Amino acid sequence: MGSNVRQQIEAQLKQRILLIDGGMGTMIQDYKLEENDYRGERFADWHSDLKGNNDLLVLTQPQLIKEIHCAYLEAGADILETNTFNATTIAMADYDMESLSEEINFEAAKLAREAADEWTAKTPDKPRYVAGVLGPTNRTCSISPDVNDPGYRNVSFDELVEAYSESTRALIKGGSDLILIETIFDTLNAKACAFAVDAVFEELGIYLPVMISGTITDASGRTLSGQTTEAFYNAMRHVNPLSFGLNCALGPDELRPYVEELSRISETFVSTHPNAGLPNAFGEYDLSPEDMAVHVKEWAESGFLNLIGGCCGTTPEHIRHMAMAVEGVKPRQRQISQWLVDYLVLSRSLSRKIPCL
């Protein structure tokens with residue numbers, strides 16, 4: 001399992017630009033859910049507030065989450081992200097729900113799998129895939145949260161590995177086709193995640209394609225842990241992912257130079273799912289589907305893209321317009337790294353001098 005999916009997706013990526021879905025949180029907000037909606041019957045007496053725990057909705061409002069998945073599929077998405085951005089034990093600790101992490105990841109993958117399979121049955125020529133999402137957690141392994149104690153950390157590498165391992169097992173068992181390590185702001189967190197994913201693959205004997213997506217946090221073009229796009233890429237390239245990308249934090253205007261840079265250096269496929277612009281004074285996103293599609297079309301025609309989707313503030317309409325914008329545009333061609341070029345040149349040179357080579 002896994003190798004066939006990777007071959008299928010790679011074959012499609014060579015032919016066209018694939019669509020990732022858009023913002024899950026944005027869509028959930030439109031339902032204007034209250035505390036009781038989050039609690040449902042099962043958690044009616046839970047001892048802490050649950051409003052805002054969007055991942056929990058796969059247990060208390062599964063039909064709502066499936067409706068959102070189906071809306072994105074109808075809009076043209078090829079890849080669904082599971083509703084598990086904050087579903088690790090570490091992030092779920094905010095609600096004292098660490099013990100539910102495994103169940104939430106499993107049910108989220110199962111819901112997305114059902115939606116994807118239903119739409120694949122409708123359009124067999126366009127198979128839909130499920131990406132099991134592993135978010136960054138709400139802690140950082142590289143930076144102290146206490147300015148008075150630079151050496152302090154509120155999470156360890158081993159704790160991250162344990163949390164990510166549990167989530168990964170459940171996402172696989174729930175039916176994910178891929179694993180998406182996304183919105184990476186701390187590369188050490190991402191390394192713990194990649195280590196956990198690889199260990200679970202070996203444990204289960206299942207090797208799924210992995211997608212990696214970092215986030216540039218400000219105009220300096222760096223991640224929160226201080227790396228440029230190229231440094232981040234080189235720090236994670238050993239994972240041999242299906243795709244490398246950027247998402248969140250910035251809108252398409254601000255993100256463009258970093259997508260271009262990633263496109264220039266990446267030896268694998270390139271993905272991006274930007275925000276619908278930067279948030280306004282009310283925390284809302286103003287970039288319309290039509291305006292966002294203009295940026296996406298220019299990126300595609302510039303040869304930057306293999307996969308495109310949306311993050312905060314994007315809706316099925318944004319994805320629908322992106323799909324129209326990239327239709328018929330040739331996907332980005334993968335790069336051959338300079339070290340490989342040098343190696344091949346050196347090998348050819350040596351083979352002329354040493355017959356056994």
Side-chain angles (χ1 to χ4, degrees), residues 13 17-26 77 79 81 85 131 133-136 140 142 178-191 193-194 209-237 239-279 285 287 292-293 295-300 302-314 318-319 322 325-326 331-332 334-335:
L13 285 168
I17 297 170
L18 297 190
L19 274 292
I20 307 170
D21 62 9
M24 175 60 75
T26 301
I79 299 174
E81 299 173 73
F85 186 79
V133 169
L134 295 169
T140 168
S142 294
L178 314 102
I179 296 296
L180 170 57
I181 305 173
E182 72 154 316
T183 321
I184 301 164
F185 56 76
D186 182 342
T187 305
L188 192 53
N189 282 39
K191 283 182 173 291
C193 187
V210 174
M211 300 172 68
I212 291 179
S213 185
T215 186
I216 301 299
T217 56
D218 57 39
S220 72
R222 295 176 182 269
T223 64
L224 186 64
S225 56
Q227 288 184 307
T228 61
T229 300
E230 185 168 5
F232 170 67
Y233 170 78
N234 284 318
M236 296 299 297
R237 64 189 288 190
V239 176
N240 187 30
L242 172 75
S243 67
F244 224 105
L246 297 169
N247 74 286
C248 200
L250 304 176
D253 255 354
E254 295 80 6
L255 196 60
R256 187 193 187 281
Y258 312 117
V259 175
E260 181 178 12
E261 174 71 356
L262 188 57
S263 174
R264 181 184 68 81
I265 62 177
S266 180
E267 299 151 283
T268 187
F269 298 107
V270 168
S271 74
T272 182
H273 41 298
N275 288 352
L278 293 172
Y285 296 85
L287 200 61
M292 203 161 180
H295 291 280
V296 167
K297 187 175 182 64
E298 190 272 324
W299 288 3
S302 297
F304 298 164
L305 300 178
N306 298 111
L307 302 105
I308 182 69
C311 204
C312 304
T314 59
H318 286 84
I319 301 305
M322 288 182 195
V326 302
R332 167 188 170 274
R334 286 187 289 178
Q335 306 299 314

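Remember, predicted model here, so these are calculated numbers, not experimental data.
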- Using a 4.5 Å cut-off on heavy atoms from C-beta on, say whether the side chain of C248 contacts that of N275. yes

- Task: Indicate whether any N or O donor in one side chain lies under 3.5 Å from an N or O acceptor in the other, for T229 and E261.
- Result: no

- Task: Say whether, by atom type as modelled, one donor and one acceptor occur between the side chain of T26 and the main chain of C312 under 3.5 angstrom.
- Result: no

- Spacing of L287 atom CG and D253 atom CG [to the nearest 0.5 Å]: 8.0 Å

- Item | W299 CH2 to L305 CG distance, which is reported to the nearest 0.5 Å | 7.0 Å

- Query: Hey, is E260 close enough to R256 for a salt bridge, meaning N to O under 4.0 Å?
  - Reply: yes

- Query: Roughly how far apart are I308 CD1 and H318 NE2, rounded to 0.5 Å?
  - Reply: 11.5 Å

- Query: Hey, is the main chain of A77 close enough, under 3.5 Å, to the side chain of D21 for a donor-acceptor pair?
  - Reply: no

- Query: Distance-only, no hydrogens or angles: does the N306 side chain make a donor-acceptor pair with backbone N or O of V270 under 3.5 Å?
  - Reply: yes

- Query: Has the side chain of T268 got a donor or acceptor atom that lies under 3.5 Å from a matching backbone atom of L242?
  - Reply: yes

- Here the gap from I79 atom CD1 to I20 atom CD1, rounded to the nearest 0.5 Å, amounts to 5.5 Å

- Message: Strictly distance-based, threshold 3.5 Å: is any side-chain N or O of D186 a donor or acceptor partner for the main-chain N or O of S225?
- Response: no

- Message: When you compare the side chain of F232 with that of I184, does any pair of heavy atoms fall below 4.5 Å?
- Response: yes

- Query: Any sub-3.5 Å donor-acceptor pair from T314's side-chain atoms to A276's backbone N or O?
  - Reply: no

- Can you find a pair of side-chain heavy atoms, one from P252 and one from E298, that are under 4.5 Å apart? no

- Side-chain touch L250/L278, heavy atoms, less than 4.5 angstrom: yes

- Query: From E182 CD over to L246 CG, what is the distance, rounded to the nearest 0.5 angstrom?
  - Reply: 12.0 Å

